[in-house]
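Worksheet: one structure, shown below.
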Amino acid sequence: MRVRFAPSPTGRLHIGGARTAIYNWAFARRHGGALVLRIDDTDPERSTEENTRAILSSLKWLGIDWDEGPEVDGGCGPYFQTQRTATYTAALTRLQEAGAVYPCFCSPEALAVKREAARTAGGFSGYDRTCCDLDAPTIAARTAAGKSHAWRLRVPDGRGDIVFTDAVRGESVFRADAMDDFVVARSDGSPTYNFATVVDDGEMEITHVIRGDDHLSNTPRQILVFEALGMAVPTFAHLSMIWGPDGKRLSKRHGAASVEDYRDLGYLPEALVNYLALLGWSLDDKTTMIDRDSLVANFSLERVSLNPAVFDAEKLDWMNGMYLRELSPGEFADRMAPHLVDAGLLSAEEVAEKQAWLLELAPLLAERVKRLDEVVPMVAFLFADSVTIDEDARVKVLEKEGAAAALDATHEALGALADFSPTAIEAALRSVPESTGIKAKIVFQSVRVAVTGSTVSLPLFESLSLLGKDRSLERIQAARSSLGD
RNA sequence: GGCCCGUUGGUCUAGCGGUGAGGACGCCGCCCUCUCAAGGCGGAAAUCACGGGUUCGAAUCCCGUACGGGCUACCA
């Protein structure tokens with residue numbers, strides 16, 4: 001079995017494209033087939049090399065490897081459509097010789113006018129076959145006169161219904177007479193999408209075309225091309241779209257829409273793959289966490305759902321948190337380090353120097369973070385020279401009865417410690433309520449606010465230990481002084 | 001306009017003629033607890049879009065309607 005993923009480099013790898021890639025990949029791996037990566041860059045206006053590079057790197061980041069394509073030689077290259085013009089020309093020649101296509105001299109403007117008219121009149125708005133039966137002399141004369149023409153595929157007269165069995169949707173029927181003679185080659189000779197993909201899918205011996213269902217309506221057209229070319233028609237499988245919360249195709253308008261966006265936000269590739277795999281496919285009635293191997297072992301097109309799925313960022317967050325918590329402290333530290341560096345909290349060298357310290361910090365963060373970018377605000381207090389105390393926290397905690405005395409007592413208890421480990425700190429702090437009679441909650445919260453500036457923070461004892469004795473005492477002292485008397 | 005696809009709690013889904021319509025996210029409550037989380041337990045939440053059939057029996061099969069989406073380009 002041979003499948004392909006054929007993104008067009010007109011943008012970054014979209015979340016929907018990523019899911020299509022994952023399904024193709026899983027299908028290929030499941031059946032021991034090959035995944036071909038082909039870059040459909042026939043749109044010169046919008047295709048860029050930068051996008052191509054970004055797409056490849058996103059796929060790699062997701063852990064999707066391909067058997068043939070850019071950077072991986074196979075027998076069917078090249079894998080960029082812009083480098084395959086000779087193939088399309090040859091295919092077009094075959095169609096010309098077979099009389100399966102004809103030149104069309106109609107100008108796009110004239111066609112647009114007719115199309116509009118036909119549409120408002122109600123009914124069929126396809127090409128009206130003006131140039132369908134031009135005789136050779138006419139064609140020669142127009143060409144000699146310098147008139148340019150496109151090539152259109154002639155839908156065979158008497159062609160019955162176009163029927164195919166979609167691997168996820170079942171039997172699909174399209175009436176051939178509702179199909180118009182569409183353009184296969186533009187007047188500049190370049191192939192259109194519906195022609196180039198078919199030629200390539202045929203030449204590359206693709207057996208299963210798994211793609212978004214925005215191509216469902218194109219399928220009968222493409223089948224006509226396969227037939228005209230005398231090539232085997234592959235099995236099609238159309239995946240429904242991924243929507244934003246408003247029921248519209250997911251896009252940047254909804255916020256993050258590309259794989260890169262999600263990477264930068266601190267999602268783990270394994271979480272994104274898991275989430276996407278289950279957005280439109282299910283293993284059974286209860287599996288929500290599925291790793292790569294199980295996905296490959298169980299993926300099937302039959303269990304792909306037909307209806308569009310709304311992308312639920314909250315569920316992705318939850319899932320990402322699950323994966324984050326499965327990481328070892330070392331792995332977590334490695335993954336979060338880039339975010340600390342990006343935020344300017346640490347330099348790359350410091351990351352290396354403070355490995356042990358980061359390893360202690362990691363587990364504290366892992367259980368309260370859903371995205372890696374959330375670590376930045378949580379650890380900011382550890383990097384700042386001093387801390388600005390949240391106004392609300394000051395009023396609700398520090399200015400309350402007993403807070404000042406608690407800070408005094410804490411300062412003294414901690415100051416006496418030689419060992420500034422979390423357990424030693426905990427013992428010291430727990431002794432304060434006993435010796436002073438101040439409620440434990442007030443003691444802990446006062447210290448927390450003094451040291452972190454907020455009523456919400458990482459666990460107190462560990463935070464103090466991570467901060468270090470000197471800086472902890474300084475902050476407690478500073479908070480205490482600010483209270484006066 | 002024409003052609004095509006889809007419709008189970010707010011969201012992702014299981015279901016493929018007989019179920020108390022199951023699970024997950026989210027939400028609410030309780031427990032745990034130095035805050036926040038994480039974790040554990042429990043709960044609310046679906047007249048299976050609507051209307052007709054078929055059948056002893058329909059979320060499941062058929063038809064229609066509504067709503068949503070896609071295609072209808074010398075875009076992909």
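Chain naming here is simple, since letters A, B, ... match the order of the sequence lines and numbering starts at 1 in each. Here the structure is a predicted model, which means the values were calculated and not measured. No hydrogens, no waters, no symmetry mates; every other heavy atom, side chains included, goes into these values.
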Exercise answer: donor-acceptor pairs, residues 175-184 of chain A side-chain atoms, under 3.5 Å, sequence neighbours excluded:
from: A:Arg175; atom 1: NE; to: A:Asp177; atom 2: OD1; distance (Å): 3.1
from: A:Arg175; atom 1: NH2; to: A:Asp177; atom 2: OD2; distance (Å): 2.8
from: A:Asp180; atom 1: OD2; to: A:Tyr127; atom 2: N; distance (Å): 2.8
from: A:Asp181; atom 1: OD1; to: A:Arg129; atom 2: NH2; distance (Å): 3.2
from: A:Asp181; atom 1: OD1; to: A:Val155; atom 2: N; distance (Å): 2.8
from: A:Asp181; atom 1: OD2; to: A:Tyr102; atom 2: OH; distance (Å): 2.7
from: A:Asp181; atom 1: OD2; to: A:Arg129; atom 2: NE; distance (Å): 2.6
from: A:Asp181; atom 1: OD2; to: A:Arg129; atom 2: NH2; distance (Å): 3.2

Under 4.0 Å, counting only non-hydrogen atoms across every strand here, what does [X] touch: a base, just sugar-phosphate, or nothing?
{"X": "A:Arg303", "answer": "sugar-phosphate"}
{"X": "A:Gly280", "answer": "sugar-phosphate"}
{"X": "A:Thr452", "answer": "nothing"}
{"X": "A:Ser305", "answer": "sugar-phosphate"}

Rounding to a whole Å, what distance do you find between [X]:[atom1] and [N]:[atom2]?
{"X": "A:Phe195", "N": "B:C74", "atom1": "CZ", "atom2": "P", "result": "16 Å"}
{"X": "A:Met319", "N": "B:U11", "atom1": "CE", "atom2": "P", "result": "18 Å"}
{"X": "A:Leu279", "N": "B:C25", "atom1": "CG", "atom2": "P", "result": "16 Å"}
{"X": "A:Asp201", "N": "B:A76", "atom1": "CG", "atom2": "P", "result": "14 Å"}
{"X": "A:Phe124", "N": "B:C4", "atom1": "CZ", "atom2": "P", "result": "13 Å"}
{"X": "A:Phe80", "N": "B:A76", "atom1": "CZ", "atom2": "P", "result": "17 Å"}
{"X": "A:Leu250", "N": "B:C12", "atom1": "CG", "atom2": "P", "result": "13 Å"}
{"X": "A:Phe311", "N": "B:U13", "atom1": "CZ", "atom2": "C1'", "result": "16 Å"}

Which nucleotide wins on minimum distance to the side chain of A:Asn307, given the candidates B:C5, B:A76, B:U8?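 Within the option list, the nearest is B:U8.
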Options B:A24, B:U13, B:C74, nucleotide nearest the side-chain atoms of A:Arg152: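 Nucleotide nearest to A:Arg152's side chain: B:C74.
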Does NZ or CZ of A:Arg38 come closer than 6.0 Å to the centre of the six-membered ring of A:Tyr79, within 45° of the ring's axis?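 A:Arg38 over A:Tyr79 ring: no.
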If you measure from CZ on A:Phe332 to CD on A:Glu367, what distance do you get to the nearest 0.5 Å?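 So the gap between those two atoms works out to 10.5 Å.
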Partner of [N] by Watson-Crick or G-U wobble geometry, both contacts under 3.5 Å, or none?
{"N": "B:C71", "answer": "B:G2"}
{"N": "B:G42", "answer": "B:C28"}
{"N": "B:U65", "answer": "B:A49"}
{"N": "B:U55", "answer": "none"}

Side chains of [X] and [Y]: do they bring a donor and an acceptor to under 3.5 Å?
{"X": "A:Ser446", "Y": "A:Lys400", "result": "no"}
{"X": "A:Asn51", "Y": "A:Thr48", "result": "yes"}
{"X": "A:His238", "Y": "A:Asp166", "result": "yes"}

Mind checking the [atom1] distance from [N] to [M]? Whole angstroms is fine.
{"N": "B:C50", "M": "B:A58", "atom1": "C1'", "result": "16 Å"}
{"N": "B:A59", "M": "B:G6", "atom1": "C1'", "result": "16 Å"}
{"N": "B:G26", "M": "B:A38", "atom1": "P", "result": "8 Å"}
{"N": "B:A73", "M": "B:U11", "atom1": "P", "result": "34 Å"}
{"N": "B:C71", "M": "B:C28", "atom1": "C1'", "result": "45 Å"}
{"N": "B:C63", "M": "B:A24", "atom1": "C1'", "result": "35 Å"}
{"N": "B:G22", "M": "B:A45", "atom1": "C1'", "result": "15 Å"}
{"N": "B:A37", "M": "B:G23", "atom1": "P", "result": "26 Å"}

Which pairs pass side-chain hydrogen bond (donor to acceptor under 3.5 Å, both in side chains) with one or both residues in residues 10-23 of chain A, sequence neighbours excluded?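 Sorted pair list: A:Ser8-A:Thr10, A:Arg12-A:Glu50, A:Arg12-A:Glu260.
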Verify the ring-centre separation between A:Tyr193 and A:Tyr88: is it less than 6.0 angstrom?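 Centroid separation for A:Tyr88 and A:Tyr193: 6.0 Å or greater.
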By nearest nucleotide on RNA chain B, pick out whichever of A:Thr120 and A:Thr288 is the more 5' one.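 Result: A:Thr120.
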Let me spell it out: for each of A:Gly122 and A:Ser172, pick the nucleotide of RNA chain B with the closest heavy atom. Which residue's pick is nearer the 5' end?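 Result: A:Gly122.
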Once you measure the plane-to-plane angle for A:Trp281 and A:Phe299, does it fall in the parallel (<30°), tilted (30-60°) or perpendicular (>60°) bin?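 Answer is tilted, since the angle falls between 30° and 60°.
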Test: ring pair (Phe, Tyr, Trp, His ring centres under 6.0 Å). Region: residues 436-455 of chain A. Which pairs qualify, not counting sequence neighbours?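 Applying ring pair (Phe, Tyr, Trp, His ring centres under 6.0 Å) to every pair that reaches into residues 436-455 of chain A, excluding sequence neighbours, yields A:Phe444-A:Phe461.
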Please confirm whether the shortest side-chain N or O distance from A:Ser282 to OP1 or OP2 of B:A14 is below 4.0 Å.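 For B:A14, OP1 or OP2 has a side-chain N or O of A:Ser282 closer than 4.0 Å.
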Please determine whether a side-chain nitrogen or oxygen atom of A:Ser240 lies at a distance below 4.0 Å from atom OP1 or OP2 of B:G6.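 For B:G6, neither OP1 nor OP2 has a side-chain N or O of A:Ser240 closer than 4.0 Å.
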Protein-nucleic acid N or O pairs under 3.5 Å, nucleotides 68-72 of chain B:
from: B:G69; atom 1: OP1; to: A:Lys248; atom 2: NZ; distance (Å): 3.2
from: B:G70; atom 1: O2'; to: A:Asp214; atom 2: O; distance (Å): 3.4
from: B:G70; atom 1: N2; to: A:Ser217; atom 2: OG; distance (Å): 3.0
from: B:C71; atom 1: O2'; to: A:Arg221; atom 2: NH2; distance (Å): 2.9

Residues that A:Arg249 engages under salt bridge (Lys or Arg N to Asp or Glu O under 4.0 Å), provided they are two or more places apart: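 Counting only residues at least two positions away or on another chain, A:Arg249 forms a salt bridge (Lys or Arg N to Asp or Glu O under 4.0 Å) with A:Asp214.
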Test item: A:Ile22 and A:Leu295 side chains (from C-beta on) under 4.5 Å apart, heavy atoms: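 Side-chain contact under 4.5 Å: yes.
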Take nucleotides 26-40 of chain B nucleotide by nucleotide from the 5' end and write B, S or -, depending on whether a protein heavy atom sits under 4.0 Å from the base, only from the sugar-phosphate, or from neither. S-------BBBBSS-
